[in-house]
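First up is the structure itself, then whatever we jot down about it.
One-based numbering along the sequence shown.
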Amino acid sequence: MTNHERADQLLAEAAEIAGDMRRALERGGWNLAARRAQEVIELVVKGLLNEMGVEYPRTHDPAPVLVETIRRRQVKTDAAFLDWLTAQSGQLAKIRGPAFYLEIEVGEAEARSAVEAADRVLAFGQDLLRRLRAGR
């Protein structure tokens with residue numbers, strides 16, 4: 001499997017999990033929605049790293065590596081968004097396990113915020129993938 005094929009597969013999986021995430025949110029499954037949001041962000045970030053030919057770290061928070069790569073390669077991206085992405089990825093990576101195992105209770109507002117973040121990252125990832133492939 002090539003880097004491009006793996007990137008496509010990871011982003012496709014992220015999109016599918018985003019559907020699960022939204023369904024969990026609709027039925028009031030706040031913990032599961034937050035967990036799925038983290039998975040979406042992780043898969044998008046790892047897909048982009050694959051596309052860029054960078055081996056991603058085997059952690060649940062690979063965003064710092066993506067941000068560093070984007071900055072080092074001077075890929076045109078909003079700096080404030082990259083800072084936000086790093087913060088979102090880190091926060092959701094911290095709660096993913098405890099939320100999944102019901103060791104913490106995620107509230108509705110936090111779950112909605114996580115879902116909005118994941119949707120934003122998915123859209124960013126799809127756009128950046130297109131731009132990388134177009135050579136911009």
Cationic N near anionic O, under 4.0 Å, [X] to [Y]:
X	Y	result
E26	R23	no
R96	D61	no
R112	E108	yes

Discussion item. Apply salt bridge (charged side-chain N to carboxylate O under 4.0 Å, His left out) to residues D83 and R71 and explain how you reach the verdict.
Written reply: CA-CA 11 Å; D83 292 340; R71 289 183 172 148; 2.9 Å; yes

Output yes when a side-chain donor or acceptor of [X] lies under 3.5 Å from a complementary backbone atom of [Y], and no otherwise.
X	Y	result
E42	A93	no
R73	M52	yes
N31	E105	no

Fill in: F100: partners by ring pair (Phe, Tyr, Trp, His ring centres under 6.0 Å), with sequence neighbours left out
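Here no residue qualifies.
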
Using every non-hydrogen atom in the two residues, find where [X] and [Y] come nearest and quote the distance to one decimal.
X	Y	answer
P64	T86	CG-CG2, 4.3 Å
A7	L129	CB-CD1, 4.4 Å
P62	V45	CG-CG1, 3.5 Å
L122	L11	CD1-O, 4.3 Å
A33	L25	CB-N, 3.9 Å
V44	A14	CG2-CB, 3.7 Å

Worksheet item: Do L32 and M21 share a hydrophobic cluster (ILVMFWY, side-chain heavy atoms under 4.5 Å, transitive)?
Response: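 They do not share one cluster, since no chain of ILVMFWY contacts under 4.5 Å joins L32 to M21.
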
Worksheet item: How does the hydrophobic cluster around L102 look, that is, which other residues are in it when side-chain heavy atoms under 4.5 Å mark a link?
Response: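 Its cluster mates, by chain and number: none.
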
Worksheet item: Just by distance, with hydrogens left out, do Q9 and E5 show a side-chain donor and acceptor under 3.5 Å apart?
Response: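 Note: Q9 and E5 side chains miss the donor-acceptor criterion.
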
Discussion item. Between E39 and E13, does the side-chain contact (heavy atoms from CB on, under 4.5 Å) criterion hold? Intermediate values first, please.
Written reply: CA-CA 9 Å; E39 292 172 347; E13 287 179 11; over 6 Å; no

Mind checking whether [X] and [Y] have side chains closer than 4.5 Å, heavy atoms only?
X	Y	result
V121	W84	yes
E16	L43	no
R131	K76	yes

Interatomic distance, [X] atom [atom1] to [Y] atom [atom2] [nearest 0.5 angstrom]:
X	Y	atom1	atom2	result
L10	N50	CG	CG	6.0 Å
I17	R22	CD1	CZ	11.5 Å
H4	D8	NE2	CG	9.0 Å

Item to complete: Go through the steps for L85 and L66 under the test side-chain contact (heavy atoms from CB on, under 4.5 Å), then give the verdict.
Response: CA-CA 10 Å; L85 171 60; L66 177 65; 4.2 Å; yes

Fill in: Neighbour count above 12 (heavy atom, 6.0 Å) for E55 CD
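No, CD of E55 has 12 or fewer neighbouring heavy atoms, counting only those of other groups under 6.0 Å.
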
Item to complete: Starting from the C-alpha separation in whole Å, work towards a yes-or-no answer on side-chain contact (heavy atoms from CB on, under 4.5 Å) for I70 and L48.
Response: CA-CA 10 Å; I70 287 172; L48 292 172; 5.9 Å; no

